[in-house]
There are 2 protein chains.
Amino acid sequence: MQAPDLKMSEKEKKILDAAIAVISEKGFSAASTSEIARQAGVAEGTIFRYFKTKKDILRGILIHLGNVIAELLVVYGLKKILYQDGREDLRAGIKLVLKDRMAMIDAVFPMLRIVITEAMYHEDIRQILYDKIISRSVEVFEEYHREMVEKGLMKREIDAVVAGRGILGNLVLFFVYRNLFGPMIQLDDYDRELDQVIDAIMYGIAIPAVGDKK
Amino acid sequence: MQAPDLKMSEKEKKILDAAIAVISEKGFSAASTSEIARQAGVAEGTIFRYFKTKKDILRGILIHLGNVIAELLVVYGLKKILYQDGREDLRAGIKLVLKDRMAMIDAVFPMLRIVITEAMYHEDIRQILYDKIISRSVEVFEEYHREMVEKGLMKREIDAVVAGRGILGNLVLFFVYRNLFGPMIQLDDYDRELDQVIDAIMYGIAIPAVGDKK
DNA sequence: ATGTTGAGTGAGTAATCACTCATTTTTGTG
DNA sequence: CACAAAAATGAGTGATTACTCACTCAACAT
């Protein structure tokens, strides 16, 4: 349950950091080991003392992300926010989570971009991603969802997976829209837009017909 | 306004198809021009008659996707479904759109995967993606949203962009969950899950408090 | 002092890359 | 059929790639 990253030597950490920077900039295939070495301030041969192959570096990044993010941020962060601040007030809880997650995604975006990209192409990477991050996040949210349903704050008839995916889907597109396409479009006020997103998540975009309660 | 793809020679089309297949399989940087040529059944030199550089092939794929998808599918498809079948019944309209889009994403996934991946790394690719596909889709949805608001079926206080992004976000994660992580998880019945997704989109995941109508 | 160890090095290696161009093949025209 | 123009070819090019390995040298033990 503890992070196995701790047994990383200082040099290994420097190589990993450099690898994250370079690969996140150019993509895995376009990133050369020589540039990673230069950025890390070590000889190229040194890299292969710590990572047998280039693909092993990618695995190292994934594991690193899994440990740092999944353990420290996803689980701990979600639990703290949802259970402490968002226990009574669903709207406040969701808003906190969304803001928190936006900042988090921003912070780990270099790593995240690498992992997402490679997960699109390689099943083995996808499997690690699922085991290390997704499945655990689902567990946490399921617990929260169960409690909210019991409290009468969330709909019982919508599964936790569907509900959680809805939140995440809105969050992801919100992030993409703002951070990737931001320069190309006129952006609305951040908080105003976020409030709308939360409204959409919580109460939907449709006006219920009089006869059609569900 | 007509698709400039029509002036594509048969050989150019073959090269483009091969490029899509190979690049979608291994990623842009890892895909070699020699393999694309082999797959297309032409000499390597021939590729560079039609595309000045390798990056031009990528641009070609983008343009192709822009023409085929944006014109033919996004605009036509959305309009047809939303205006003919979904004009009166929002739920039926959204369900048709979602099912239709799922099939569409499935069909163009090879191309889409290339574009999404490269868009994450290159601003110029992102710009083309925005101009060719996103901005047009937004326009179409904005028109639909305006009409639905006038009819009293959609909430006025939620912007078209937020609403559309909510739908798309749900759709994207639904697709990813099923098609990318499908093999790793126990999948629910497709239609049952889709109905839940639509419920979440239309009416949200929260139960409104008695005093908190909004 | 001397010996042993192993982390660190960087020139070297074969393979592969995107791209070129002299040559050949195909096509269109009178 | 003859001829010119266009299209297609694939061996060749220099650059770059992931990875290797013979070597260096600081840090310790004896």
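Within every chain, numbering begins at 1; the chains are lettered A, B, ... in the order of the sequence lines, protein sequences first and strands thereafter.
For the contact set between residues 36-57 of chain A and DNA chain C, defined by any heavy atom under 4.0 Å, the members are A:Val42, A:Ala43, A:Gly45, A:Thr46, A:Arg49, A:Tyr50. Only at 4.0 angstrom or more do the heavy atoms of residues 21-29 of chain B sit from any atom of DNA chain C, so none qualifies.
A salt bridge links B:Arg59 with B:Asp56: the distance from a Lys NZ or Arg NE/NH1/NH2 to an Asp or Glu carboxylate oxygen falls below 4.0 Å. We find that B:Glu123 and B:Arg126 are joined by a salt bridge, their nearest charged nitrogen and carboxylate oxygen being less than 4.0 Å apart. Between B:Arg146 and B:Glu143 no salt bridge is recorded (no basic side-chain N to carboxylate O distance below 4.0 Å).
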Problem set entry | Intermediate values then yes/no, side-chain contact (heavy atoms from CB on, under 4.5 Å), B:Lys13 and B:Asp17 | CA-CA 6 Å; B:Lys13 179 106 180 63; B:Asp17 284 343; 3.1 Å; yes
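Contacts between chain B and DNA chain D, taken as any atom within less than 4.0 angstrom of a protein heavy atom, begin and end at D:dA7 to D:dG10.
Qualifying salt bridge (Lys or Arg N to Asp or Glu O under 4.0 Å) partners for B:Lys95, counting only residues two or more places apart in sequence or in other chains: B:Asp191, B:Asp195. Residues satisfying the side chain to side chain donor-acceptor pair (under 3.5 Å) test with A:Lys54, not counting sequence neighbours, are none.
Across all strands shown, B:Ala31 has heavy atoms under 4.0 Å from sugar-phosphate atoms exclusively, and none from any base.
Side-chain contact check for B:Glu44 and B:Thr33: at least one donor-acceptor pair (N or O, by modelled atom type) lies under 3.5 Å.
In A:Glu142, the CD atom is crowded: over 12 heavy atoms of neighbouring residues, nucleotides or ligands sit closer than 6.0 Å. Around the NZ atom of A:Lys55, the shell of radius 6.0 Å holds more than 12 heavy atoms that belong to other residues, nucleotides or ligands.
Within the structure, every pair that satisfies the salt bridge (charged side-chain N to carboxylate O under 4.0 Å, His left out) test and touches residues 159-173 of chain B, not counting sequence neighbours, is listed here: A:Arg192-B:Asp159, A:Glu193-B:Arg165.
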